[in-house]
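Scroll down for the structure; my scribbles are underneath it.
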Amino acid sequence: MFKKYKEGVIVFFKGMFMGAADVVPGISGGTIALVVGVYRGFIKSLSRIVEKKTLRLLVGFKLKDLYRHLDGHFFFPLVFGILTSIFLFAHIVSYVYVNHPIPLWSFFLGLVLAATMFLIKEAIGWNWKFFFFFITGIVVAWMATGGVPIRSSEGLFSIFVAGLIAVSAMLLPGISGSFLLILMGKYYVMLEATKNLDFAIIFAFGLGCVISLVLFSKVLNWLIKNYWSISLALLTGFLIGAMHKLWPWRETVTTYLSSSGVEKPLIEKNIFPWDYQTLNSQDPQLFLAIFFAAVGFIIVVTLERIKNKKNLS
C-alpha cells in the first residue's frame, strides 16, 4: 500500500513538471512527459477516455472498473499535478509578464530556439516530404502571424476555441500550448484568469481543452505513430515561422480600448534594442536579455540530454 502511494506522489510531481512547462512558452508538456517517462502512459489513458467501454462503465456506475480501465493510480495523480502546477506558476509568470517583460520574452525566445534546433535534429532524414512540410509550416506560420493585428476577441467563445487549439500541443512533443496562446492573443488573458480565479473564462477554456482531448487524442496518437517525421517537419516549420512573436523589443504602432476600457496594443512591430531605447527612453536591458535567453536555451539542452541518457540506458 505504501509503495502505491509513493508511486502516486512521484507521478504527481512529474505532472507538476508537465504543468510548469505548459505555462511557459517554449517547452511543451509532451516534451517533459517524454523526459520523465510518462508520455506513453498519458496518451494511452487519454485514448481510453473516448472508448465505448469507458462510457459503458461510467453509465453503469462501475467506478472501480473505470478507475482500473483508465489506469487511475497513474492517470489521476498526473492530471492533478498538471493542474496544481498551472495554478501555482500562473501567479509567478503573470507578475513577471507585467513587470519584467524583456527578460521574460528573452527567456521564452531561448526556450523555443533550442526546442526548434532539437526538433530538426530529431528528424528522420531530410527527404523531399520532410522539406515540403517544413517549408509549408514556416510559410503558414509567417503568414498567420507576420504583420497581423494581435487584437483578438475577448468573448467566451474565443476563449473556448483557444482551449480547443492550445491543449492539443500538450500531447505533441515539441510545440508549446502557451506559445499557441501567445499567437492567438490569449496568453496573458489566461494567466490573469487563472491567477484571479475567473471561473467563467477558466470554464470556457477548460471545456475547449476537454473536448479537444476527447476528439483529438486518438488522432494525434495515430499521427505520431504513423507520420512522425512529417508531423515533426510541420511543427518545426511552424515554430520557426512564428518565432518572431517572441522578440523582446517591440514598438506599438496602433492601440485599441478593450471591453474593460484598458488601452492595449493592436499592431506591434519588432525593433532593434537600440531603437527601443531611442523610442521609449528606457533601458533595453540587452545583457539581461542575452542572459535569460541563454538560461532558456540551456534548460532545453539539459532536458534533451536527460532524455537521451534515458533512451540509452
### Query
Do L156 and F203 have side-chain heavy atoms sitting under 4.5 Å apart?
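Result no, sub-4.5 Å side-chain heavy-atom pair not found.
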
### Message
Between V11 and H73, is there a side-chain heavy-atom distance shorter than 4.5 Å?
### Response
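With C-beta onward as the side chain, the pair stays apart.
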
### Query
Is it the case that more than 12 heavy atoms not belonging to Y95 sit under 6.0 Å from its OH atom?
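No - once you tally the heavy atoms of other residues, nucleotides and ligands closer than 6.0 Å, there are 12 at most.
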
### Message
Does atom CZ (F76) have a neighbourhood of more than 12 heavy atoms from anything else shown, all under 6.0 Å?
### Response
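Yes - once you tally the heavy atoms of other residues, nucleotides and ligands closer than 6.0 Å, there are more than 12.
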
### Query
When the ring planes of F131 and F134 are compared, do they come out parallel, tilted or perpendicular, using 30° and 60° as the limits?
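Correct class here is tilted.
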
Separation between [atom1] of [X] and [atom2] of [Y], rounded to the nearest 0.5 Å:
X	Y	atom1	atom2	result
I165	K186	CD1	NZ	9.5 Å
I290	F297	CD1	CZ	14.0 Å
L66	R56	CG	CZ	11.5 Å
I102	W247	CD1	CH2	11.0 Å
I271	E251	CD1	CD	5.5 Å
D275	K269	CG	NZ	8.5 Å

### Task
Start with the C-alpha distance between H69 and T54, add both sets of side-chain angles, then the distance that settles side-chain contact (heavy atoms from CB on, under 4.5 Å), and finish with yes or no.
CA-CA 7 Å; H69 179 62; T54 302; 3.2 Å; yes

Within one Ile-Leu-Val-Met-Phe-Trp-Tyr cluster: [X] and [Y], side-chain cutoff 4.5 Å:
X	Y	result
F87	V210	no
L113	V301	yes
L109	W274	no
V96	F292	yes
F157	V189	yes

Would you confirm whether [X], through its side chain, and [Y], through its main-chain N or O, come within 3.5 Å as a donor-acceptor pair?
X	Y	result
D283	Q285	yes
W249	P284	yes
T302	I298	yes
S281	Q277	no

### Query
Any chance the rings of F12 and F80 have centres within less than 6.0 Å?
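So the answer is yes for these two rings.
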
Please find the pair of heavy atoms, one from [X] and one from [Y], that lie closest to each other, and give the distance.
X	Y	value
S45	F75	CB-CD1, 3.4 Å
A193	I201	CB-CG2, 3.6 Å
A162	L181	CB-CD2, 4.0 Å
S212	G163	CB-O, 4.4 Å
L78	M18	CD1-SD, 3.9 Å
S85	G19	OG-C, 3.6 Å

### Message
Could you go through F130 and I230, starting from their C-alpha distance and side-chain angles, then the distance that decides it, and tell me whether this counts as side-chain contact (heavy atoms from CB on, under 4.5 Å)?
### Response
CA-CA 6 Å; F130 185 94; I230 289 176; over 6 Å; no

### Residue pairs passing the salt bridge (Lys or Arg N to Asp or Glu O under 4.0 Å) test where at least one lies in residues 67-78, sequence neighbours excluded
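Checked against salt bridge (Lys or Arg N to Asp or Glu O under 4.0 Å) - neighbours excluded - the pairs reaching residues 67-78 are D65-R68.
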
### Query
Distance only, no hydrogens: is a donor on one side chain within 3.5 Å (strictly under) of an acceptor on the other, for Y276 and Q282?
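Yes, because at least one side-chain N or O of Y276 sits under 3.5 Å from a partner of the opposite role on Q282.
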
